[in-house]
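Below you'll find the structure, written out as structure tokens, and then a few comments.
Values in this document were obtained by computation on a predicted structure and should not be read as measured data. Just so we're on the same page: letters track the sequence lines, and every chain starts at 1. Side chains are part of it too, since the values below use all heavy atoms of this structure and drop only hydrogens, waters and symmetry mates.
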2 protein chains.
Amino acid sequence: MPVTTSRREQILTEAARLFARHGFHGVSIDGIGAAVGVSGPALYRHFPSKEGLLAEMLVGISEHLLAGGQELAAEHADPVALLDALVAFHTDFALRQPELITVQDRDLANLPDPSRRRVRGLQRAYVEIWVDALRRADLAAGEEAARVAAHGAFGLMNSTPRSAGHTRGDVAAPVLVAMTRAALRASPV
Amino acid sequence: MPVTTSRREQILTEAARLFARHGFHGVSIDGIGAAVGVSGPALYRHFPSKEGLLAEMLVGISEHLLAGGQELAAEHADPVALLDALVAFHTDFALRQPELITVQDRDLANLPDPSRRRVRGLQRAYVEIWVDALRRADLAAGEEAARVAAHGAFGLMNSTPRSAGHTRGDVAAPVLVAMTRAALRASPV
DNA sequence: CGCTAACGTGAACGCTCACTAACACCACCC
DNA sequence: GGGTGGTGTTAGTGAGCGTTCACGTTAGCG
């Protein structure tokens with residue numbers, strides 16, 4: 001890993017910004033090129049296609065989340081403590097990388113089939129960590145309810161990137177963490 | 001208003017389904033036409049443009065939510081009771097019209113400028129009802145925190161349409177309602 | 001020094017797509 | 001029965017865009 005951001009990473013960063021703002025189909029190859037200071041087809045020296053670029057982005061996010069989740073799961077035996085750690089971890093990521101979060105759950109449909117399956121698999125494994133913790137902590141009335149609760153928590157923690165976005169992280173973070181923890185504890189009605 | 005769904009409404013319904021699945025730019029005029037049994041440019045007999053169709057859809061949603069919110073606000077003097085009613089109302093809408101919810105917060109960016117401003121204004125007014133109730137109920141540590149909490153609640157309630165989607169509503173609804181209420185009560189840390 | 005590989009450019013191609021134009025059908029009504 | 005407005009169709013047009021191609025430049029290296 002180079003100390004100076006490589007052109008590849010530069011492209012990924014700017015593309016994420018643009019995709020988050022205008023959507024995958026709302027951004028042109030020329031537009032991405034212009035954002036990094038080169039023009040148009042130069043991207044094909046670094047990525048096989050526009051879809052390939054998106055694929056690398058989304059796979060990267062999913063892998064990062066799953067890796068973090070697995071690490072926390074290994075550290076915490078107590079499911080309630082694990083959930084608290086997961087909430088902190090996910091909230092931190094969502095507030096630090098708002099563009100990635102936005103792109104991830106808006107443009108998944110634009111992935112070519114094999115990559116989409118890959119991302120879906122990674123996401124499913126990540127969700128499974130949450131579902132498992134919820135069930136072990138007796139915080140869900142069943143498999144399906146646990147899944148609803150996990151997705152609900154994601155929606156809550158991912159909400160700030162999607163909406164205004166320019167809320168300062170140090171204001172939003174404690175609110176979101178407190179809300180999510182309370183929401184999870186309340187799920188079994 | 002005809003008892004049989006007019007062609008206009010038919011188009012709006014099918015377009016919502018398609019937009020939700022593939023995104024605004026991922027759906028063609030011909031595709032929408034095919035979905036309602038006519039082909040292609042026939043849509044221009046009912047809508048001025050593809051963007052106009054989207055505009056009518058999103059304005060309709062925003063107006064519906066705002067109207068519902070205002071009605072509830074008029075009925076409930078107690079802010080906590082109002083919040084409970086808002087949660088029930090919004091959750092019901094989100095689970096009954098998952099496609100509309102999906103399109104609303106994914107494709108707002110694809111609206112032409114005047115309509116986008118219109119929708120943003122309606123949304124802001126709707127959020128204001130929530131923010132106001134939260135503050136009057138002493139459930140937020142400040143203006144900005146209240147806004148974060150409101151958007152968080154939306155993210156939670158809107159989560160099921162976005163994710164799996166094929167979860168049965170009568171399973172998801174009570175879980176989401178309980179989670180959202182708990183989350184809102186927890187927001188002041 | 002020449003060879004090579006990495007990186008960039010502008011021009012061209014081919015396709016999709018929103019939108020328009022010209023025409024047809026049909027219900028309705030005076 | 002003829003005019004009229006609503007609703008459809010097919011063919012065409014022009015623009016945008018992803019991708020490829022042929023070519024230029026530069027850096028490293030035997």
Side-chain angles (χ1 to χ4, degrees), chain A residues 1-58 103 106-116, chain B residues 1-58 103 106-116:
Chain A
M1 54 180 75
V3 54
T4 164
T5 51
S6 73
R7 179 68 23 120
R8 269 183 75 85
E9 305 176 49
Q10 201 182 149
I11 292 174
L12 280 169
T13 305
E14 291 304 313
R17 238 177 23 91
L18 291 171
F19 288 166
R21 176 126 51 203
H22 305 106
F24 180 72
H25 289 291
V27 177
S28 69
I29 288 285
D30 288 338
I32 302 171
V36 307
V38 303
S39 238
L43 303 196
Y44 288 86
R45 302 295 172 188
H46 305 277
F47 297 94
S49 67
K50 194 189 176 192
E51 282 181 343
L53 200 171
L54 180 66
E56 182 151 331
M57 213 167 91
L58 295 194
V103 175
R106 186 175 58 189
D107 287 316
L108 212 174
N110 297 122
L111 275 186
D113 221 42
S115 313
R116 190 170 60 239
Chain B
M1 54 182 72
V3 54
T4 163
T5 51
S6 72
R7 180 71 20 125
R8 270 183 75 86
E9 306 175 48
Q10 200 181 148
I11 293 173
L12 280 169
T13 303
E14 290 305 312
R17 239 178 21 93
L18 292 170
F19 288 167
R21 176 128 50 204
H22 305 106
F24 180 72
H25 289 292
V27 177
S28 69
I29 289 285
D30 288 338
I32 303 172
V36 307
V38 303
S39 238
L43 305 195
Y44 290 88
R45 302 295 172 190
H46 305 274
F47 297 93
S49 68
K50 193 188 174 191
E51 283 181 343
L53 199 170
L54 180 66
E56 181 150 331
M57 211 167 94
L58 296 193
V103 175
R106 186 175 59 188
D107 287 317
L108 211 172
N110 296 121
L111 275 186
D113 223 42
S115 314
R116 190 171 58 239

My understanding is that only residues two or more places apart in sequence, or in another chain, count here; which of them pass side chain to side chain donor-acceptor pair (under 3.5 Å) with B:Arg116?
B:Asp113

For nucleotides 26-29 of chain C, print each protein N/O atom paired with a nucleotide N/O atom at under 3.5 Å, atom names and distance only.
none

Give every donor-acceptor pair under 3.5 Å between a side-chain atom in residues 10-18 of chain B and any protein atom, sequence neighbours left out.
| from | atom 1 | to | atom 2 | distance (Å) |
| --- | --- | --- | --- | --- |
| B:Thr13 | OG1 | B:Glu9 | O | 2.9 |
| B:Glu14 | OE1 | B:Arg17 | NE | 3.1 |
| B:Glu14 | OE1 | B:Arg17 | NH2 | 2.9 |

Rounded to the nearest 0.5 angstrom, the CG-CG distance for A:Leu54 and A:Asp107 is 6.0 Å

Starting from [atom2] on [N], measure out to [atom1] on [X] and report it in whole angstrom.
X       : N      : atom1 : atom2 : answer
B:Leu54 : C:dA18 : CG    : P     : 13 Å
B:Leu53 : C:dC19 : CG    : C1'   : 14 Å
A:Leu43 : C:dA6  : CG    : P     : 18 Å

Return the set of residues passing side-chain contact (heavy atoms from CB on, under 4.5 Å) with B:Pro112 (not counting sequence neighbours), or none when no residue passes.
B:Glu51, B:Pro114, B:Ser115

Let me check something: any side-chain donor-acceptor pairs from residues 19-47 of chain B under 3.5 Å, sequence neighbours excluded? List them with distances.
| from | atom 1 | to | atom 2 | distance (Å) |
| --- | --- | --- | --- | --- |
| B:His25 | NE2 | B:Asn110 | ND2 | 2.8 |
| B:Ser28 | OG | B:Gly31 | N | 3.0 |

Starting at the 5' end of nucleotides 17-22 of chain D, put B wherever the base has a protein heavy atom under 4.0 Å, S where only the sugar-phosphate does, and a dash everywhere else.
SSBB-B

Is there a side-chain contact between B:His46 and the phosphate of D:dG6, meaning an N or O under 4.0 Å from OP1 or OP2?
no

